[in-house]
Amino acid sequence: MVNIQNKKCVVIGGGKVALRKTKTLLKYGAEVTLVSPVIDEEIRKLFYENKIEIIERNYEYGDLEGGILAYIATDNGQVNELVLKESNRKNILVNCAKNPEDGDFIIPSSIRKGSLSISIGTDGKSPMLAKKIKEDLELVFNDGYETFIEELGKIRKISIDNIEDIKVRRELFKELVYGPLLDEFMDKNIDNLEDEMKKVYMKYKVGSNTKMHRKR
């Protein structure tokens, strides 16, 4: 994965494919510049909402300057070739929607629930199957996972600060993740997840402190 948070990314094209690529970049916090003489109305709406920058003209050499990656979303073979040349010369990662094999990377279908990211790809062999797998996984990894992961993050922070023994911390998280807590929470049998996790944490914290006193 490439961290594109607050990084310039360039989309060449202004149609529906460009719109999808732009939305994906925005989802991951990129600063998007889109170049095209013709702009889809939904893309223009993103511009009016100050979410993206638009250069409303044909691509020109230098439009990728300062970017870390680019999407080519046009059917114009000549333009696509010019963008590929600039990206290669400037070591900018590029994805070509029309001919994925010409680019440096492909875009897997993905699920994002807070800090949880799951990518699904078929190496371009079947985007439809990737879409179906994504839909199936979205039924399993629902919004509850976002909450569960956030609470795990809180426990991880305080356990690192307060439980010195790494083996004890490992057992703590083994119980939190592999124990009944996750299933009970997903089945909506837990009203206050934070309290339940803290109970498990305290059991290991107290046990860890007892072992330390014995050693002394």
Side-chain angles (χ1 to χ4, degrees), residues 1-9 20-32 51 66-69 71 91-93 95 104-123 129-216:
M1 289 188 177
V2 178
N3 180 13
I4 60 174
Q5 183 81 33
N6 300 319
K7 305 287 179 59
K8 179 182 176 180
C9 298
R20 291 198 301 271
K21 304 300 185 185
T22 298
K23 285 183 175 180
T24 298
L25 290 170
L26 290 175
K27 184 168 68 173
Y28 290 96
E31 295 182 357
V32 180
K51 293 181 178 179
I68 66 165
L69 64 81
Y71 283 105
N91 294 317
I92 295 171
L93 294 173
N95 169 268
D104 301 307
F105 65 97
I106 59 173
I107 307 302
S109 202
S110 64
I111 298 169
R112 190 167 183 88
K113 300 290 182 182
S115 297
L116 174 65
S117 295
I118 303 173
S119 296
I120 308 104
T122 61
D123 288 339
L129 179 59
K131 180 182 178 184
K132 182 187 184 305
I133 294 171
K134 175 185 176 183
E135 291 169 352
D136 292 344
L137 288 176
E138 283 178 329
L139 297 176
V140 177
F141 296 99
N142 55 39
D143 292 340
Y145 275 86
E146 180 176 349
T147 302
F148 198 85
I149 290 170
E150 288 304 310
E151 295 303 328
L152 280 175
K154 294 176 185 177
I155 295 296
R156 183 175 187 275
K157 186 176 186 304
I158 62 174
S159 68
I160 288 173
D161 291 339
N162 296 286
I163 300 177
E164 184 176 341
D165 192 333
I166 190 171
K167 292 181 179 178
V168 175
R169 294 204 304 267
R170 189 177 293 119
E171 289 301 313
L172 162 63
F173 282 98
K174 185 176 181 180
E175 179 170 342
L176 288 173
V177 173
Y178 288 96
L181 199 59
L182 176 59
D183 287 339
E184 289 177 359
F185 176 66
M186 293 303 168
D187 291 339
K188 303 187 186 304
N189 294 326
I190 293 177
D191 294 325
N192 193 316
L193 180 63
E194 182 178 8
D195 285 350
E196 294 302 318
M197 282 196 176
K198 282 184 176 177
K199 288 177 186 177
V200 178
Y201 160 75
M202 287 304 300
K203 179 176 71 174
Y204 284 90
K205 180 177 183 295
V206 170
S208 176
N209 288 341
T210 301
K211 287 180 181 179
M212 288 177 65
H213 287 313
R214 285 175 182 170
K215 288 180 181 179
R216 290 172 185 168

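These numbers were taken from a predicted model, which means no experiment stands behind them. The analysis underlying the following values was restricted to heavy atoms, covering all of them including side chains, and did not include hydrogens, waters or symmetry mates.
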- request: Flag the pair L181 / L193 as yes when at least one side-chain heavy-atom distance between them is below 4.5 Å, and no otherwise.
  value: yes
query: From I4 CD1 over to I68 CD1, what is the distance, rounded to the nearest 0.5 angstrom?
result: 6.5 Å
- prompt: OG1/T22 to CZ/R20 distance, rounded to the nearest 0.5 angstrom?
  reply: 10.5 Å
query: Can you name the residues that form a salt bridge (charged side-chain N to carboxylate O under 4.0 Å, His left out) with K134, not counting sequence neighbours?
result: none
task: Could you check L69 against N95 for side-chain contact (heavy atoms from CB on, under 4.5 Å), going step by step and ending with a plain yes or no?
output: CA-CA 8 Å; L69 64 81; N95 169 268; over 6 Å; no
message: Here's a test for you: under side-chain contact (heavy atoms from CB on, under 4.5 Å), which of D136, L129, I111 qualifies with I120?
response: I111
task: Mind checking the CE-CG spacing from M197 to N192? Nearest 0.5 Å is all I need.
output: 11.0 Å
- prompt: Once you round to the nearest 0.5 Å, how far does CZ of R156 lie from CD1 of I163?
  reply: 12.5 Å
Contact summary for L172 and S159, nearest pair of heavy atoms: CD2-CB, 3.9 Å
- prompt: Would the number of heavy atoms belonging to other residues, nucleotides or ligands and lying under 6.0 Å from CG of D161 be above 12?
  reply: yes
Pairing of E135 and K132 as salt bridge, 4.0 angstrom limit: no
message: Return the NZ to OG1 distance between K131 and T122, rounded to the nearest 0.5 Å.
response: 13.5 Å
message: Please determine whether a side-chain nitrogen of the Lys or Arg among D195 and K199 lies less than 4.0 Å from a carboxylate oxygen of the Asp or Glu.
response: no
- request: Heavy atoms only: give me the nearest L137-I118 pair and the separation to one decimal.
  value: CD1-CG2, 4.2 Å
query: How long is the gap from CG on L26 to CD on E31, to the nearest 0.5 Å?
result: 10.5 Å
Distance-only donor-acceptor pairs under 3.5 Å for side chains of residues 139-153, two or more places apart:
| from | atom 1 | to | atom 2 | distance (Å) |
| --- | --- | --- | --- | --- |
| N142 | OD1 | G144 | N | 2.9 |
| D143 | OD1 | K113 | NZ | 3.1 |
| E150 | OE2 | S115 | OG | 3.2 |
| E151 | OE2 | K154 | NZ | 3.2 |

field: Side-chain donor-acceptor pair present, Y28, S110, cut-off under 3.5 Å
entry: yes
Which atom of G67 lies closest to which atom of I92, heavy atoms considered: O-CG1, 3.6 Å
task: With Y204 as reference, evaluate E171, E175, R170, R169 under the side-chain hydrogen bond (donor to acceptor under 3.5 Å, both in side chains) test and give the passing residue.
output: E175
- request: Give the C-alpha distance, both sets of side-chain angles, the deciding distance and a yes or no for side-chain contact (heavy atoms from CB on, under 4.5 Å) between F173 and I155.
  value: CA-CA 9 Å; F173 282 98; I155 295 296; 4.0 Å; yes
query: Less than 4.0 Å between a side-chain N and a carboxylate O, is that true for E194 and K198?
result: yes
